[in-house]
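Structure, as structure tokens:
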Amino acid sequence: MNTSVLDATDMSCFADDSFDIVLNMGPFYHLITEEQREKCMKECLRVLRKGGLLVTAYIPRYYVFQYIATSNEKYLDEHLAKQLIETGVLKHDDEKCFWTDTYYSSKEEMESIYQRYRLKIVDHFAQDGLAPLLSQKVDKWNENQFKTWCDYHYSVCREQSILGASNHVVIIGKK
């Protein structure tokens, strides 16, 4: 396997139609402008072969405040909550920044992007579910308890009513 560390908005080192699968498992939520996200999507699709799969991860804006506010009380801030819900953007120099430059989106926003490019969603699921909120408990479970939790999570991670939980992964087919 060959790997490269690249700018997701410029993969010019690869020819068109180079890959059967493109894994976009993080860059999208670190591109805070629409222009950057569009460039990233265009590059992913440029290097993806017809009939290939694009796997995209995003962090839902309606989840992130719940996670960060329950993890650290200093982030339980009305202004931060409003900023995340209204814009989805957090910059490294924001007073209440808890990570780095990030863009938190919604299921609808992501699906709108896929529709603009005439992509077919093959699967859409919450990969972590509520586990990040329960990390201290999850880390203490024995193997059987952890398996029970995972079996439960796998059975509900595609449920539309709870797709707002944690990181999401979308698998898309290029027609």
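All residue numbers refer to positions in the sequence shown, counting from 1. Please read all numbers here as calculations on a predicted model, not as lab measurements.
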Q. In Å and rounded to the nearest 0.5 Å, what is the CG to OH distance from Leu84 to Tyr62?
A. 11.0 Å

(Q) Assess the residue pair Trp149 and Phe146 against the criterion (ring pair (Phe, Tyr, Trp, His ring centres under 6.0 Å)); give the C-alpha distance rounded to whole Å, side-chain angles, the decisive distance to 0.1 Å, and a yes or no. (A) CA-CA 5 Å; Trp149 178 261; Phe146 185 71; 8.9 Å; no

**Q.** Other residues, nucleotides, ligands: >12 heavy atoms within 6.0 Å of Lys96 NZ
**A.** yes

Q: Report yes or no: do Val89 and Tyr58 belong to one cluster of Ile/Leu/Val/Met/Phe/Trp/Tyr joined by side chain heavy-atom distances under 4.5 Å?
A: no

Q) Do His124 and Glu111 have a side chain donor and acceptor closer than 3.5 Å? A) yes

Q. What is the distance from atom CD1 of Ile32 to atom NE2 of His92, rounded to the nearest 0.5 Å?
A. 8.5 Å

Q.
Over 60° means perpendicular and under 30° means parallel, so tell me whether Phe98 and Tyr75 are parallel, tilted or perpendicular.
A. perpendicular

(Q) Nearest 0.5 angstrom please: Cys150 SG to Tyr152 OH, how far? (A) 12.5 Å

Q) Applying the 4.5 Å side-chain criterion to the ILVMFWY set and letting contacts propagate, would Tyr29 and Ile68 be lumped into a single cluster? A) yes

Q. Any donor and acceptor pair, going by atom type alone, linking the side chain of Ser112 with main-chain N or O of Glu108 inside 3.5 Å?
A. no

Q.
Using the rule that Ile, Leu, Val, Met, Phe, Trp and Tyr join whenever any side-chain heavy atoms are under 4.5 Å apart, tell me whether Met41 and Leu48 fall into a single cluster.
A. yes

Q) Hey, what do you get for CG (Asn24) to SG (Cys44), rounding to the nearest 0.5 Å? A) 4.0 Å

Q | Closest contact, heavy atoms only, Asn144 versus Asn142 | A | N-OD1, 3.0 Å

Q.
Between Thr9 and Glu43, is there a side-chain heavy-atom distance shorter than 4.5 Å?
A. no

Q | Atom of Gly26, atom of Ala57 and distance for their closest heavy-atom approach | A | N-CB, 4.4 Å

Q) Can you check whether Gln83 reaches Leu90 side chain to side chain, under 4.5 Å on heavy atoms? A) yes

Q) Would a hydrophobic clustering, with Ile, Leu, Val, Met, Phe, Trp and Tyr connected at side-chain separations under 4.5 Å, put Met11 with Phe28? A) yes

**Q.** Gap between atom OG of Ser12 and atom CG of Asp7 - 0.5 Å precision
**A.** 9.5 Å

Q) So Tyr63 and Tyr67, would you call those rings parallel, tilted or perpendicular, with 30° and 60° as cut-offs? A) parallel

Q | Residue pair Tyr104 / Thr102, side-chain donor-acceptor N/O under 3.5 Å | A | yes

Q | Closest approach of Asp20 to Arg49 (non-hydrogen atoms, all atoms of both residues) | A | OD1-NH1, 3.1 Å

Q | N/O donor-acceptor pair under 3.5 Å between Glu38 side chain and Glu34 backbone | A | no

Q.
If hydrophobic clusters are built from ILVMFWY residues whose side chains come within less than 4.5 Å, do Trp99 and Tyr103 share one?
A. no

**Q.** Donor-acceptor contact present, side-chain Arg61 to main-chain Ser106, <3.5 Å
**A.** no

Q: Please confirm whether the backbone N or O of Asp17 pairs with a side-chain atom of Arg46, one donor and one acceptor, at under 3.5 Å?
A: no

**Q.** More than 12 heavy atoms from other groups under 6.0 Å of CZ on Arg116
**A.** yes

Q: Check whether more than 12 heavy atoms from other residues, nucleotides or ligands sit under 6.0 Å from atom OH of Tyr154, and answer yes or no.
A: no

Q.
Does Tyr117 form a side chain to side chain contact (heavy atoms under 4.5 Å, CB included) with Ile113? I'd like the steps, not just the answer.
A. CA-CA 7 Å; Tyr117 288 95; Ile113 292 169; 4.2 Å; yes

Q) With no hydrogens and no angle check, is any side-chain donor or acceptor of Asp101 less than 3.5 Å from a backbone partner on His30? A) no

Q: Find the distance between CG (Leu76) and CD (Gln66) and round it off to the nearest 0.5 Å.
A: 11.5 Å

Q) Has the side chain of Asp94 got a donor or acceptor atom that lies under 3.5 Å from a matching backbone atom of Lys91? A) yes

